[in-house]
Every structure is written in structure tokens, then in C-alpha cells.
Amino acid sequence: MGAQFAEAISAAILTGLVALATLVSCNTEGDILYKQKVAWKDPQNVLPTWDPTLHNPCSWMHITCNNDNSVIRADLGNADISGPLIPQLGGLKNLQYLELYGNRLNGSIPATLCKLKHLVSLDLYNNLLTGTIPTSLGAISNLRYLRLSGNKLKGTIPPSLGNRMSLEHLELQENALSGSIPASLGNIKTLNYLRLNGNMLTGTVPLEILSLLVSNLAELVRERSRSCDRAVAAVGVVLRRLNENSLTSTVPSEVLSLVLVGNLTEVNVARNNLDGTVGSTGWRVTDIIQDKLKTSG
């Protein structure tokens with residue numbers, strides 16, 4: 001009898017400790033989000049339910065939790081909020097989606113976001129963010145969507161982003177990025193969208209990325225008989241957005257071959273410093289490789 005009573009007491013204590021740990025975790029996440037709210041201006045009053053006195057933030061608007069009452073989504077796109085991102089956001093340990101696009105966020109991207117090991121989507125596009133892209137973002141192992149376009153980011157594209165083997169969308173266009181395109185991006189075999197236009201990039205397009213383009217297009221051609229619309233929509237997306245940079249040299253022969261065999265629908269390289277590659281190769285090349293300012297007879 002005494003042994004059974006002791007076991008029951010032990011089980012109750014263990015259950016209480018687990019519950020306490022969950023409560024502390026949820027309160028910590030609520031504290032982090034409330035600190036973020038305080039750092040923002042919210043003219044449309046989209047955050048009235050972000051009340052730190054509640055048991056956890058799972059009842060707050062724009063917040064989604066898992067079955068353990070831990071935050072997995074923050075959806076505040078086009079909410080007209082302004083202000084910085086606080087470093088403490090890296091403490092939302094189970095966060096999968098951080099959707100803050102289309103606001104007026106300013107300041108830099110916190111390097112501490114690398115602690116979000118479960119993050120799948122980081123959407124910060126169309127804000128007023130400045131500074132550089134943190135190298136540490138290359139440490140987020142589950143990241144599939146990294147969209148930072150339409151900000152005021154400068155500096156180089158971190159080669160560490162090439163470590164993300166699950167990345168599908170990398171959209172960095174319309175910033176003030178400079179330097180060369182890292183060859184390491186060619187390591188991302190899952191990459192479907194690479195948009196770099198509207199920056200100040202220099203140098204040549206790495207062959208590693210061209211080989212990735214060839215590989216992806218070969219797969220699309222094989223799928224065309226099963227899903228024509230899907231193929232037509234996706235062909236050429238990987239390299240079609242390189243316009244408005246300072247890239248040099250020529251459009252490589254590997255890309256020209258894709259144009260001539262009829263698979264590639266568009267390579268927009270206009271407003272760079274490429275040598276002429278167009279005029280003598282026929283109407284199809286001129287039509288598809290869009291470099292109106294650098295044609296040659």
C-alpha cells in the first residue's frame with residue numbers, strides 16, 4: 001500500500017513539473033511577443049488581444065500554436081505595423097512561419113533568428129529593413145522560403161545560404177546588394193525561384209548555378225506530358241530575374257543551348273554590363289534573352 005502511494009505521489013509530482021515547464025515555456029513566448037508589440041507602432045490596432053496577463057499567447061489574434069500550446073506561426077502580413085524586429089524573437093523555439101511582409105518594419109534583421117531551428121518560412125519582403133543579410137540565416141536547417149525582397153538591405157549575399165539544402169524560394173530582389181553571386185547557391189538542388197534583380201551585383205553568373213538550371217529544366221521537360229500548365233508556368237524561373245545588376249561577360253553557352261532547343265522561355269538580363277550575345281544567333285534568342293541595351297549584329 002505504501003509503495004503504491006509513493007508511486008502515485010511521484011507520478012503526480014512529475015505531471016506537475018511537466019505542466020509547470022509547459023506553462024513557463026508558454027509564458028516566455030508570450031513575454032517575447034509582448035516585448036515585440038511594445039517595440040512596434042500599430043496604427044490599425046491589429047494587436048489588441050496581445051495581452052501578457054493571459055495564460056499563453058495561443059488565443060491572441062494572428063498567432064497559431066501547436067497542441068503543446070507553443071507558438072508555431074505569426075501572421076502579420078500587410079498589417080501597417082512599423083518598428084524594429086527584436087532579437088528575442090529567436091526564443092520562439094517552435095516557430096515555423098514568420099510572416100511579416102508588406103509592413104514598415106525598419107532596422108536590421110536579427111542574427112538571433114538562426115535559433116529558430118523549425119522555421120520553414122521567413123517572409124520579410126516589402127518593408128524598410130536595412131543592414132546586411134545575417135550570415136547566421138544559413139544555419140536554419142528547415143528553411144524553405146526566404147523572401148527578403150523590396151527592402152534596403154546591402155552588403156553581399158551570404159555564401160552560407162548555400163548550406164540550406166531544403167530551400168525552394170530565395171527572393172532577394174529590389175534591395176541594394178552588391179558583390180558577386182555566391183557559387184554555393186548552386187548546391188541547393190531544391191531551389192525553384194532565385195530572384196536577384198534590382199540590386200548592384202557584379203561579376204558573372206556562376207557555372208554551379210547554371211548547372212542547377214539545366215538540371216531543373218530537364219526535370220520539367222519530363223513532366224510536361226503529365227502537366228503542361230505546370231511546366232509552362234515553371235520553366236525558366238530559376239534564372240529569369242537577373243536584370244538591373246552589374247553582371248559582366250556574356251550569357252553562357254549553356255543558357256543559349258537551352259534557348260535553342262526550345263525549353264527556356266525567358267532570361268531577363270537587361271540593364272547589366274554583358275557583352276553582346278544576341279544578334280547573330282537568330283530571332284528566337286533575341287526574343288527570349290532580353291538584353292535590349294547590349295545587342296550586337
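With rounding to the nearest 0.5 Å, the separation of CG in D75 from OG1 in T64 is 5.5 Å. Rounding to the nearest 0.5 Å gives a distance of 10.0 Å between CG of L146 and OG of S149. Separating the CG atom in L194 from the CD atom in E168 is a distance of 13.5 Å, to the nearest 0.5 Å. To the nearest 0.5 Å, atom OG1 of residue T112 and atom CD of residue Q88 are 7.5 Å apart. L201 contributes atom CG, which lies 8.5 Å from atom OG of S180 (distance to the nearest 0.5 angstrom). In this structure, N103 CG and W40 CH2 are separated by 7.5 Å, a value rounded to the nearest 0.5 Å.
With R104 as the fixed residue, the side chain to side chain donor-acceptor pair (under 3.5 Å) test singles out one of N127, D80, N126: D80. The side chain to side chain contact (heavy atoms under 4.5 Å, CB included) with L100 is formed by just one residue from the set L76, L122, L129, N78; it is L76.
With hydrogens and angles ignored, the 3.5 Å screen pairs a side-chain donor or acceptor of K189 with a backbone N or O of G186. Side chain of N175 to main chain of L148: a donor-acceptor pair is present (N/O by atom type, distance under 3.5 Å, no hydrogens or angles). A distance-only check finds no donor-acceptor pair linking the side chain of N106 to the backbone of S82 [under 3.5 Å]. A donor-acceptor contact shorter than 3.5 Å links the side chain of Q36 to the backbone of P84. Of the possible donor and acceptor atoms, one in the side chain of S184 sits under 3.5 Å from a partner among the backbone N and O of P159. With H62 contributing its side chain and V46 its backbone, the two residues share a donor-acceptor pair below 3.5 Å. A distance-only check finds no donor-acceptor pair linking the side chain of N197 to the backbone of Q173 [under 3.5 Å]. Here the side chain of R195 pairs no donor or acceptor atom with the backbone of L172 at under 3.5 angstrom. Looking at S166, its side chain does come within 3.5 Å of a backbone N or O of L143 through a donor-acceptor pair. Side-chain atoms of N56 come within 3.5 Å of backbone N or O of C58 as a donor-acceptor pair.
Between I157 and L196, the shortest heavy-atom distance links the atoms CD1-CD2, 3.9 Å. Smallest separation of non-hydrogen atoms from S70 and N94: OG-ND2, 2.8 Å. Of all heavy-atom pairs between T135 and P158, the closest is CA-CB, 4.0 Å. Residue C114 comes nearest to S136 through the heavy atom pair CB-O, 3.1 Å, listed as atom of the first residue, atom of the second, then distance. When all heavy atoms of N199 and E174 are compared, the pair lying nearest together is ND2-N, 4.1 Å. Closest approach of I188 to L161, counting heavy atoms only: CD1-O, 3.5 Å.
Grouped with Y101 in one hydrophobic cluster are Y125, the linkage being side-chain heavy-atom contacts under 4.5 Å among Ile, Leu, Val, Met, Phe, Trp and Tyr residues.
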With side chain to side chain contact (heavy atoms under 4.5 Å, CB included) as the criterion, how do I109 and L153 come out once you've worked through the C-alpha distance, each side chain's angles and the decisive distance to 0.1 Å?
CA-CA 9 Å; I109 299 173; L153 300 171; 4.1 Å; yes
Chi angles and distances behind the side chain to side chain contact (heavy atoms under 4.5 Å, CB included) call for I63, L33:
CA-CA 10 Å; I63 295 298; L33 291 171; 3.9 Å; yes
Derivation and outcome, side chain to side chain contact (heavy atoms under 4.5 Å, CB included), residues N151 and T130
CA-CA 7 Å; N151 282 286; T130 56; over 6 Å; no
Steps toward side chain to side chain contact (heavy atoms under 4.5 Å, CB included) verdict (C65, R73)
CA-CA 7 Å; C65 293; R73 291 190 68 113; over 6 Å; no
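Using a 4.5 Å heavy-atom cutoff, the side chains of E99 and S121 are in contact. Considering only heavy atoms from C-beta on, E171 comes within 4.5 Å of Y193 through its side chain. When side chains are defined from C-beta on, L85 counts as touching L124, because their heavy atoms get closer than 4.5 Å. Using a 4.5 Å heavy-atom cutoff, the side chains of N187 and L185 are not in contact. Looking at L98 and L119, their side chains come closer than 4.5 Å, going by heavy atoms from C-beta outward. Looking only at side-chain heavy atoms (C-beta outward), R144 and L167 stay at 4.5 Å or farther from each other. Between V71 and P57, some side-chain heavy-atom pair lies under the 4.5 Å cut-off. Residues K152 and L128 have side chains in contact (heavy-atom distance under 4.5 Å, counting atoms from C-beta outward).
Each of I72 and W50 belongs to its own hydrophobic cluster when Ile, Leu, Val, Met, Phe, Trp and Tyr are linked at side-chain heavy-atom distances under 4.5 angstrom. In the hydrophobic clustering of this structure, V120 does not group with L170; members are Ile, Leu, Val, Met, Phe, Trp, Tyr whose side-chain heavy atoms approach within less than 4.5 Å, directly or through other members.
Applying the side chain to side chain contact (heavy atoms under 4.5 Å, CB included) test to T49 and every residue at least two apart in sequence or in another chain returns W60, M61.
Residue-environment remark: NZ (K37) exceeds the threshold of 12 foreign heavy atoms within 6.0 Å.
For residues 131-163, the pairs satisfying ring pair (Phe, Tyr, Trp, His ring centres under 6.0 Å) are Y145-H169, with sequence neighbours left out.
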